[in-house]
Participant: 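Supplied in structure tokens, the structure appears directly below.
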Amino acid sequence: MGGGTGKDVAKELGINNSIHLDLNNGWDALVDEIPSGSDFIFSHPPYWDIIKYEHQRNNYSANDLSNTMSYEEFIKKLNLVNEKIYYSLINGGRHAILVGDVRKKGKYYSIIKDMQWFGELESHIIKVQHNCVSDNKIYANQKFIPIRHEHILVFKRDKVWIYNMKTTETTKNNIINAENITWRDLIQATLEFLQNKATIDEIYNILIKSKKAQRNNHIREKIRQTLNSSSNFTKQNDRWSLCIENI
């Protein structure tokens with residue numbers, strides 16, 4: 001329902017059977033049934049807890065997605081809402097969701113990347129974001145690109161029973177175990193780990209444990225060759241360091 005824009009647009013388009021719902025008019029997306037099967041649903045969830053909608057309603061709701069909660073909990077609840085919306089569509093129907101990105105405490109959160117996708121993605125529209133709360137805030141650290149956009153993803157239900165669901169999975173890996181990595185990049189990481197000053201022996205003692213070393217019988221020689229042939233490294237006495245300037 002929001003501020004009523006959707007209702008105004010439907011009226012302008014001559015659509016007389018549209019339904020407009022949110023917590024403001026007593027409908028809870030997490031627990032209440034969507035009143036009717038639809039050929040098109042437009043949803044605009046909170047962008048995590050950036051705006052507290054309980055202040056606009058003047059009342060608290062436990063299922064308000066803008067409540068203070070972890071990002072993981074927010075995404076889990078958003079997934080439940082999006083899943084419910086998909087199931088309520090008739091075959092051939094669309095779900096358009098408008099959502100933005102969030103930056104909090106220096107970390108960037110992409111909601112569209114982290115939420116589950118139900119159905120076939122038909123369109124991805126980038127929309128300029130107006131009247132942001134952050135527009136009036138002065139930041140001490142200006143070394144970032146401000147968020148000035150929102151996303152509209154349009155998903156289509158094109159089968160009755162079977163549907164695709166896409167989930168983003170984040171895993172932690174160690175480049176010491178990477179196979180598709182160059183010796184230069186391994187040595188660069190090793191020097192950074194060793195505070196940018198190390199002997200060949202110190203580099204060797206770390207890289208002997210690498211996945212790449214398992215396929216090389218001349219590791220020390222390979223390290224020495226890479227150090228001497230790459231402009232990334234410089235030597236002073238018996239110690240090597242990086243000579244890459246930070247921009």
Side-chain angles (χ1 to χ4, degrees), residues 1-2 6 21-23 27-32 34 38 40-56 60-89 93-135 137 139 141 143-159 162-175 177-178:
M1 181 66 176
L21 305 164
D22 64 16
L23 281 172
W27 185 78
D28 188 327
L30 280 173
V31 298
D32 294 336
I34 295 176
S38 305
F40 179 77
I41 294 179
F42 184 92
S43 69
H44 186 195
Y47 303 169
W48 192 9
D49 57 1
I50 298 303
I51 298 177
K52 301 287 188 183
Y53 286 102
E54 68 171 294
H55 301 317
Q56 296 186 8
Y60 173 81
S61 173
N63 287 336
D64 186 343
L65 266 67
S66 72
N67 288 341
T68 299
M69 66 184 82
S70 69
Y71 181 68
E72 291 72 22
E73 182 181 357
F74 165 75
I75 291 295
K76 182 179 179 180
K77 289 182 176 179
L78 180 60
N79 288 341
L80 292 174
V81 174
N82 289 340
E83 183 178 16
K84 177 188 287 188
I85 289 173
Y86 178 83
Y87 294 155
S88 73
L89 292 172
R94 272 90 169 168
H95 172 209
I97 178 171
L98 170 61
V99 71
D101 300 326
V102 174
R103 181 182 282 107
K104 182 182 286 193
K105 295 181 179 179
K107 184 175 180 179
Y108 195 95
Y109 298 86
S110 174
I111 295 173
I112 64 164
K113 175 182 72 68
D114 295 326
M115 72 182 192
Q116 290 177 331
W117 291 12
F118 296 91
E120 293 296 321
L121 180 65
E122 190 172 57
S123 187
H124 182 184
I125 303 161
I126 306 297
K127 172 186 172 295
V128 176
Q129 190 173 31
H130 300 286
N131 301 320
C132 303
V133 174
S134 59
D135 288 347
K137 186 174 181 180
Y139 296 89
N141 177 15
K143 295 181 179 179
F144 64 87
I145 300 172
I147 297 172
R148 304 288 188 189
H149 66 280
E150 296 169 290
H151 308 269
I152 302 176
L153 299 185
V154 182
F155 297 98
K156 181 180 180 181
R157 180 172 180 175
D158 59 358
K159 293 181 178 63
I162 307 301
Y163 64 94
N164 289 335
M165 183 180 73
K166 183 177 291 187
T167 301
T168 298
E169 180 184 7
T170 301
T171 61
K172 288 189 178 181
N173 303 293
N174 191 329
I175 66 169
N177 299 320

Participant: Test side chain to side chain contact (heavy atoms under 4.5 Å, CB included) on Ser88 and Ile41; report intermediate values, then the result.
Facilitator: CA-CA 9 Å; Ser88 73; Ile41 294 179; 3.4 Å; yes

Participant: Atom NZ of residue position Lys113 - does it have more than 12 heavy atoms of other residues, nucleotides or ligands inside 6.0 Å?
Facilitator: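 Enclosed: over 12 neighbouring heavy atoms sit under 6.0 Å from NZ of Lys113.
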
Participant: Under the 3.5 angstrom rule, does the side chain of Lys84 hit a backbone N or O of Asp32 as a donor-acceptor pair?
Facilitator: yes

Participant: When rounded to the nearest 0.5 angstrom, what is the spacing between CG in Leu153 and CZ in Arg94?
Facilitator: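 Those atoms lie 14.5 Å apart.
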
Participant: Centre-to-centre under 6.0 Å for Phe155 and Tyr86, is that the case here?
Facilitator: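 Centroid separation for Phe155 and Tyr86: 6.0 Å or greater.
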
Participant: Determine whether Glu54 and Ser66 make a side-chain contact, defined as any pair of heavy atoms from C-beta on separated by less than 4.5 Å.
Facilitator: no

Participant: Salt bridge or not between Lys156 and Glu120? Use side-chain N to carboxylate O under 4.0 Å.
Facilitator: no

Participant: Please list, chain by chain and in numerical order, all residues satisfying side chain to side chain donor-acceptor pair (under 3.5 Å) with Glu83, sequence neighbours excluded.
Facilitator: Tyr87

Participant: Output every pair passing salt bridge (Lys or Arg N to Asp or Glu O under 4.0 Å) with a member in residues 65-82, not counting sequence neighbours, ordered by first then second residue.
Facilitator: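 As it turns out, the salt bridge (Lys or Arg N to Asp or Glu O under 4.0 Å) pairs with a partner in residues 65-82, which skip direct neighbours, are Glu73-Lys77.
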
Participant: I'd like to check Leu89 versus His95 (side-chain heavy atoms, cut-off strictly below 4.5 Å). Are they in contact?
Facilitator: yes

Participant: Taking C-beta and beyond as the side chain, do Gln116 and Asn82 meet within less than 4.5 Å on heavy atoms?
Facilitator: no

Participant: Stepwise, does the side chain to side chain contact (heavy atoms under 4.5 Å, CB included) test hold for His44 with Glu150?
Facilitator: CA-CA 11 Å; His44 186 195; Glu150 296 169 290; 4.3 Å; yes

Participant: With a 4.5 Å limit on heavy-atom distance, are the side chains of Thr68 and Lys52 in contact?
Facilitator: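 Yes, close enough: below the 4.5 Å cut-off.
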
Participant: Using 30° and 60° as the class boundaries, would you call the ring planes of Phe42 and Phe40 parallel, tilted or perpendicular?
Facilitator: tilted

Participant: Roughly how far, to the nearest 0.5 Å, is OG1 of Thr170 from CG of Asp114?
Facilitator: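 If I round to the nearest 0.5 Å, the distance is 6.5 Å.
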
Participant: Please determine whether side-chain hydrogen bond (donor to acceptor under 3.5 Å, both in side chains) holds for the pair Asp101 and Tyr109, giving the CA-CA distance in whole Å, both sets of side-chain angles, and the decisive distance to 0.1 Å.
Facilitator: CA-CA 6 Å; Asp101 300 326; Tyr109 298 86; over 6 Å; no

Participant: Can you tell me how far CG of Asp49 sits from CG of Asp64, rounded to the nearest 0.5 angstrom?
Facilitator: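 One gets 10.5 Å once the value is rounded to the nearest 0.5 Å.
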
Participant: Is there a side-chain contact between Tyr53 and Asn67, using heavy atoms and a 4.5 Å cut-off?
Facilitator: no

Participant: Rounded to the nearest 0.5 Å, how far does CG of Leu21 lie from CG of Asp28?
Facilitator: 11.0 Å

Participant: Side chain of Trp48, backbone of Met69: donor and acceptor closer than 3.5 Å?
Facilitator: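 Yes, the answer is positive, given that a donor and an acceptor are paired below the 3.5 Å cut-off.
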
Participant: Closer than 3.5 angstrom, by distance alone: can the side chain of Arg157 be matched with the main-chain N or O of Tyr163 as a donor-acceptor pair?
Facilitator: no

Participant: Could you give the distance from CG (Leu78) to OH (Tyr47), rounded to the nearest 0.5 Å?
Facilitator: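 Going from the CG atom of Leu78 to the OH atom of Tyr47 covers 11.0 Å.
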
Participant: Apply side chain to side chain contact (heavy atoms under 4.5 Å, CB included) to the pair Val81 and Ser43, showing each step before the final yes or no.
Facilitator: CA-CA 10 Å; Val81 174; Ser43 69; over 6 Å; no

Participant: Using a 4.5 Å cut-off on heavy atoms from C-beta on, say whether the side chain of Ile112 contacts that of His124.
Facilitator: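 Counting from C-beta outward, His124 and Ile112 do come under 4.5 Å.
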
Participant: Run Thr167 and Trp117 through side chain to side chain contact (heavy atoms under 4.5 Å, CB included) and show every step you take.
Facilitator: CA-CA 7 Å; Thr167 301; Trp117 291 12; over 6 Å; no

Participant: Would you call Ile97 and Pro45 a side-chain contact if the rule is heavy atoms closer than 4.5 Å?
Facilitator: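 Answer yes - side chains close enough.
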
Participant: Indicate yes or no for a side-chain donor-acceptor contact from Lys127 to the backbone of Ile152 under 3.5 Å, with no hydrogens or angles considered.
Facilitator: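 Not confirmed, Lys127 side chain does not pair with Ile152 backbone.
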
Participant: Looking at residues at least two apart in the chain, or sitting in another chain, which of them share a side chain to side chain donor-acceptor pair (under 3.5 Å) with Asp22?
Facilitator: none

Participant: Hey, are the side chains of His151 and Gln129 touching, using non-hydrogen atoms and a 4.5 Å cut-off?
Facilitator: no

Participant: Which atom pair, heavy atoms only, marks the closest approach of Phe74 to Ile111?
Facilitator: CE2-CD1, 3.8 Å

